Amino acid sequence: MEPLLPGARQLKYGHGAFFYQDVYFGVAYFVGQETVYDEGQPYWSMSYAGGVDPAVTATDEIRRIYAFLRSALREVSVEHPFRGPSHFRAADFEYRNTCEGQFDPFHGTEVIRQQDRTVYTLHYSGSIVR
């Protein structure tokens with residue numbers, strides 16, 4: 001779809017009275033905001049910033065990191081329905097998500113390590129919109 005802001009990428013999904021929108025900038029390092037609407041009104045939002053460590057420059061390596069991240073995010077828990085689980089491991093990657101708070105408000109950091117080095121970090125925070 002056509003992005004709301006120049007240079008942004010935008011994802012949308014709707015189901016019944018709910019509508020989800022994610023607007024973000026960047027790829028290797030990115031910033032963005034997710035918002036859930038209920039009957040057209042913003043209800044919940046989360047902002048985030050982070051990405052691949054600048055020392056990681058090979059396109060294939062970046063793709064592997066993001067493929068692993070997508071796998072980790074599919075393991076999200078009901079208790080913390082944002083980002084991924086507290087811990088996930090596959091092949092030579094390890095994902096850790098440290099979160100404080102529940103749904104209103106919350107903040108956290110997710111990190112991916114490959115063997116002995118950190119290759120990805122993201123910080124996020126959000127709450128119900130008042």
Side-chain angles (χ1 to χ4, degrees):
M1 69 174 304
E2 185 67 29
L4 181 65
L5 302 168
R9 294 173 188 213
Q10 187 168 323
L11 306 171
K12 288 186 173 185
Y13 175 78
H15 183 76
F18 292 100
F19 176 76
Y20 165 85
Q21 181 171 283
D22 183 5
V23 179
Y24 65 98
F25 298 87
V27 177
Y29 187 91
F30 51 90
V31 297
Q33 180 175 356
E34 299 178 9
T35 306
V36 174
Y37 295 82
D38 183 6
E39 296 188 5
Q41 298 299 311
Y43 174 74
W44 176 89
S45 189
M46 176 179 78
S47 60
Y48 55 87
V52 175
D53 185 277
V56 178
T57 58
T59 302
D60 288 346
E61 191 173 2
I62 292 170
R63 285 187 181 134
R64 282 190 55 215
I65 292 166
Y66 283 141
F68 170 76
L69 175 62
R70 285 189 297 276
S71 295
L73 294 178
R74 284 193 283 275
E75 301 298 319
V76 67
S77 71
V78 173
E79 298 80 26
H80 292 105
F82 31 83
R83 305 312 298 171
S86 60
H87 183 254
F88 179 78
R89 183 185 297 260
D92 60 341
F93 289 108
E94 179 180 17
Y95 172 93
R96 293 237 181 231
N97 182 12
T98 305
C99 181
E100 292 185 30
Q102 295 296 321
F103 194 70
D104 179 34
F106 64 91
H107 66 276
T109 301
E110 66 182 13
V111 173
I112 295 175
R113 294 186 51 81
Q114 185 179 26
Q115 297 168 352
D116 293 335
R117 67 184 181 133
T118 299
V119 295
Y120 168 93
T121 304
L122 179 116
H123 303 282
Y124 62 90
S125 64
S127 182
I128 291 175
V129 177
R130 294 182 184 87

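Nothing here was measured: the structure is a model prediction, and the numbers come from that model. Only this structure's heavy atoms are used, side chains among them; waters, hydrogens and symmetry mates stay out.
- Atom-to-atom distance recorded for D53:CG and I62:CD1 is 10.0 Å, nearest 0.5 angstrom.
- Closest non-hydrogen pair, Y48 versus Q33, comes out as CE2-N, 3.7 Å.
- Heavy atoms only, all atoms of each residue included: A8 and V23 are closest at CB-CG1, 3.9 Å.
- Counting only distance, with no hydrogens or angles, the side chain of S45 and the backbone of E34 share a donor-acceptor pair below 3.5 Å.
- From E94, atom CD reaches atom NE2 of H87 across 3.5 Å, with rounding to the nearest 0.5 Å.
- Tracing side-chain contacts under 4.5 Å through hydrophobic residues (I, L, V, M, F, W, Y), one reaches V52 starting from L73; they form part of the same cluster.
- Distance alone, capped at 3.5 Å, places no donor-acceptor pair between the D22 side chain and the L11 backbone.
- The number of heavy-atom neighbours closer than 6.0 Å to CZ of F19, taken from other residues, nucleotides and ligands shown, is above 12.
- The list of ring pair (Phe, Tyr, Trp, His ring centres under 6.0 Å) pairs with a residue in residues 108-130, not counting sequence neighbours, is empty.
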For a side-chain contact (heavy atoms from CB on, under 4.5 Å) check, start with the C-alpha distance between V56 and R64, then their side-chain angles and the critical distance, and finish with the verdict. CA-CA 11 Å; V56 178; R64 282 190 55 215; over 6 Å; no
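- In this structure a side-chain-to-backbone donor-acceptor pair under 3.5 Å is present from Y66 to A28.
- Of the possible donor and acceptor atoms, none in the side chain of Y43 sits under 3.5 Å from a partner among the backbone N and O of F18.
- I112 CD1 to L69 CG: the interatomic distance, rounded to the nearest 0.5 Å, is 4.5 Å.
- The line from OH of Y29 to CG of L122 is 8.0 Å long, rounded to the nearest 0.5 Å.
- Note on V31 and L5: same hydrophobic cluster, where clusters join Ile, Leu, Val, Met, Phe, Trp and Tyr whose side-chain heavy atoms are under 4.5 Å apart, directly or indirectly.
- Here the side chains of Q41 and V129 are not in contact, with every heavy-atom distance at 4.5 Å or above.
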Does the pair T121 and E110 meet the rule for a side-chain contact (heavy atoms from CB on, under 4.5 Å), with working shown? CA-CA 6 Å; T121 304; E110 66 182 13; over 6 Å; no
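- Test R89, R113, R83 against Y95 for side-chain contact (heavy atoms from CB on, under 4.5 Å) and you get one pass: R83.
- Ring centroid separation for the pair F88 and F93 does not come in under the 6.0 Å cut-off.
- Residues that satisfy the side-chain hydrogen bond (donor to acceptor under 3.5 Å, both in side chains) test with R117, not counting sequence neighbours, are E61, Q114.
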Which atom pairs, one a donor and one an acceptor, fall under 3.5 Å between side chains of residues 98-105 and the rest of the protein, sequence neighbours left out?
| residue | atom | partner | partner atom | Å |
| --- | --- | --- | --- | --- |
| D104 | OD1 | S127 | OG | 2.3 |
| D104 | OD1 | I128 | N | 3.4 |
| D104 | OD1 | R130 | NH2 | 2.9 |
| D104 | OD2 | R130 | NH2 | 2.6 |

